[in-house]
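Some notes on the structure that comes next.
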2 protein chains.
Amino acid sequence: MDLGKVFRALADDSRRQVVAELAADTEDRERACGSFDLPVKKAARTHHFRVLREAGMIMQRDHGNGSAVSLPRQDIERHLPGLLQLLSEELKSGSATGRTGNTAAG
Amino acid sequence: MDLGKVFRALADDSRRQVVAELAADTEDRERACGSFDLPVKKAARTHHFRVLREAGMIMQRDHGNGSAVSLPRQDIERHLPGLLQLLSEELKSGSATGRTGNTAAG
DNA sequence: TCCTAGGTATGATTTGCATCATACCTGGGC
DNA sequence: GCCCAGGTATGATGCAAATCATACCTAGGA
């Protein structure tokens, strides 16, 4: 696991929100890509999921008509212990969903 | 502590190297800014220290003629438990110093 | 005072990234 | 077959960030 890729992936609010929501679900349920309330259009969302996938932060499964993501929790916990805890705690305190961070073109 | 700022700060290899080296020193000794072997010129180094400082990852003390940085370990551990451990382990495996990551203008 | 050395501030340049619009693909329903 | 809906791929655009060169500041030594 490349820490650089991981931190670059988690530097974005939308991506951090995705991982945080997955991490906050202790049952590790698979979620549809569209089920995340992200303030971006489809294409950008696809981009974010790609970055997260390449950083090893999510697994993505193709349904043909749609696709779903899930959290490789054990893998992450083994290589980056404590990380998911940080993310889900940020989610609870409302920082990531509050949209206080970076937004580029808008 | 803003997780966005922290991750953005640690997304850069040079900055991650600085924090990792500080974290790897269990005695938390203060280090001169110039003592880090970073592949950038003076001005860029100053920039990196500024980013780390604003993310709360280092403390910086001005000597007039020079300046030194140290690690607010307790503060970081309290807000981001486990993070310093990740960084210092990456350092031991040689990833951050190996310059495999991002370089912009060169 | 002059020179040297470490840091900082500023301006310019370049690269990377986030975003969008658009077009395309796939599967389901009619 | 046709249309719709969810995702993806591509190209363009704009902003942020990383870097450098240069100039400047501060402290120490000759």
Side-chain angles (χ1 to χ4, degrees), chain A residues 2-19 22 30-55 57-70 96-106, chain B residues 2-19 21-22 30-55 57-70 96-97 99-106:
Chain A
D2 181 358
L3 261 193
K5 270 189 184 174
V6 170
F7 284 132
R8 276 190 290 277
L10 296 178
D12 184 89
D13 287 339
S14 294
R15 292 196 292 260
R16 209 161 60 252
Q17 179 186 337
V18 168
V19 180
L22 288 170
E30 201 179 52
R31 283 189 55 176
C33 287
S35 71
F36 297 92
D37 184 29
L38 304 179
V40 294
K41 295 282 192 271
K42 291 195 301 181
R45 186 159 29 210
T46 296
H47 165 68
H48 287 316
F49 284 126
R50 165 186 290 271
V51 174
L52 286 173
R53 205 188 323 137
E54 293 180 349
M57 300 305 291
I58 60 170
M59 291 181 299
Q60 197 162 359
R61 191 167 65 88
D62 200 22
H63 279 256
N65 193 12
S67 87
V69 294
S70 57
T97 49
R99 311 259 70 234
T100 53
N102 55 321
T103 38
Chain B
D2 182 358
L3 262 192
K5 268 189 185 173
V6 170
F7 284 132
R8 276 191 289 278
L10 297 177
D12 184 272
D13 287 340
S14 294
R15 291 196 291 259
R16 209 159 60 252
Q17 179 185 339
V18 168
V19 180
E21 288 191 20
L22 289 170
E30 202 178 50
R31 283 188 55 174
C33 287
S35 70
F36 297 92
D37 184 28
L38 304 179
V40 294
K41 296 281 192 270
K42 290 194 303 181
R45 185 161 25 214
T46 296
H47 166 67
H48 287 316
F49 284 126
R50 166 186 291 271
V51 174
L52 286 172
R53 206 187 324 136
E54 292 180 349
M57 300 305 290
I58 61 170
M59 290 180 301
Q60 196 163 358
R61 192 167 64 89
D62 199 23
H63 279 257
N65 193 12
S67 85
V69 294
S70 57
T97 47
R99 311 261 68 231
T100 53
N102 53 325
T103 39

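Sequence lines set the chain letters: A, B, ... in the order given, protein chains first and strands last, and positions in each chain run from 1. Computation of the quantities below employed the complete heavy-atom set of this structure, encompassing side-chain atoms and omitting hydrogens, waters and symmetry-equivalent molecules.
Minimum atom distance to the side chain of A:Lys41 is reached by C:dC20, of the listed C:dC20, D:dT19, D:dA21. Among the nucleotides C:dT19, D:dA18, D:dT19, the one closest to the side chain of A:Ala44 is C:dT19.
Here the closest non-hydrogen pair linking A:Leu10 and B:Phe7 is O-CD1, 3.5 Å. Closest of all the heavy-atom pairs between A:Val6 and A:Ala55 is CG2-O, 3.8 Å.
Nucleic acid contact for A:His47: base, since at least one base atom lies under 4.0 Å from a heavy atom of the residue.
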Between protein and nucleotides 2-9 of chain C, what N or O pairs are separated by less than 3.5 Å?
residue	atom	partner	partner atom	Å
C:dG7	OP1	B:Cys33	N	3.2
C:dG7	OP1	B:Gly34	N	3.0
C:dG7	OP1	B:Ser67	O	3.4
C:dG7	N7	B:Lys42	NZ	3.1
C:dG7	O6	B:Lys42	NZ	3.0
C:dT8	OP1	B:Gln60	NE2	3.0
C:dT8	OP2	B:Thr46	OG1	3.1
C:dA9	OP2	B:Arg50	NH2	3.2

Please tabulate, for side-chain N and O atoms in residues 31-38 of chain B, each donor-acceptor pair with protein atoms closer than 3.5 Å (sequence neighbours left out).
residue	atom	partner	partner atom	Å
B:Arg31	NE	B:Ser35	OG	3.1
B:Arg31	NH1	B:Glu21	OE1	2.8
B:Arg31	NH2	B:Glu21	OE1	3.2
B:Arg31	NH2	B:Ser35	O	2.9
B:Arg31	NH2	B:Ser35	OG	3.2
B:Ser35	OG	B:Ala32	O	2.6

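Counting to the nearest Å, the C1' atom of C:dC17 and the CZ atom of A:Arg15 are 8 Å from each other. Per the geometry, CG belonging to A:Asp12 stands 14 Å off P belonging to D:dA16, to the nearest Å. Atom CG in B:Asp13 sits roughly 13 Å away from atom P in C:dG16 (whole-Å rounding). Atom CZ in A:Arg61 sits about 14 Å away from atom P in C:dG27, given to the nearest Å. Taking atom CZ of residue B:Arg8 and atom P of nucleotide D:dA18, one finds them 11 Å apart after rounding to whole Å.
Scanning for side-chain contact (heavy atoms from CB on, under 4.5 Å) contacts around A:Thr46 gives an empty result, with sequence neighbours left out. Qualifying side-chain contact (heavy atoms from CB on, under 4.5 Å) partners for B:His48, counting only residues two or more places apart in sequence or in other chains: B:Asp12, B:Ser14, B:Arg15, B:Val40. The side-chain hydrogen bond (donor to acceptor under 3.5 Å, both in side chains) test applied to B:Gln60 returns B:Arg53, B:Ser67, not counting sequence neighbours.
Note: B:Met59 CE to B:Leu52 CG = 13.0 Å, rounded to the nearest 0.5 Å.
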message: Determine whether A:Val51 and A:His47 satisfy the following criterion, side chain to side chain contact (heavy atoms under 4.5 Å, CB included), listing intermediate values before the conclusion.
response: CA-CA 6 Å; A:Val51 174; A:His47 165 68; 3.7 Å; yes
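Between its two ends, the helix from C:dT1-D:dA30 to C:dC30-D:dG1 turns its axis by 10°, counting five pairs per end and rounding to 10 degrees.
Applying the salt bridge (Lys or Arg N to Asp or Glu O under 4.0 Å) test to residues at least two apart or on different chains, the pairs with a partner in residues 38-51 of chain A are A:Arg50-A:Glu54.
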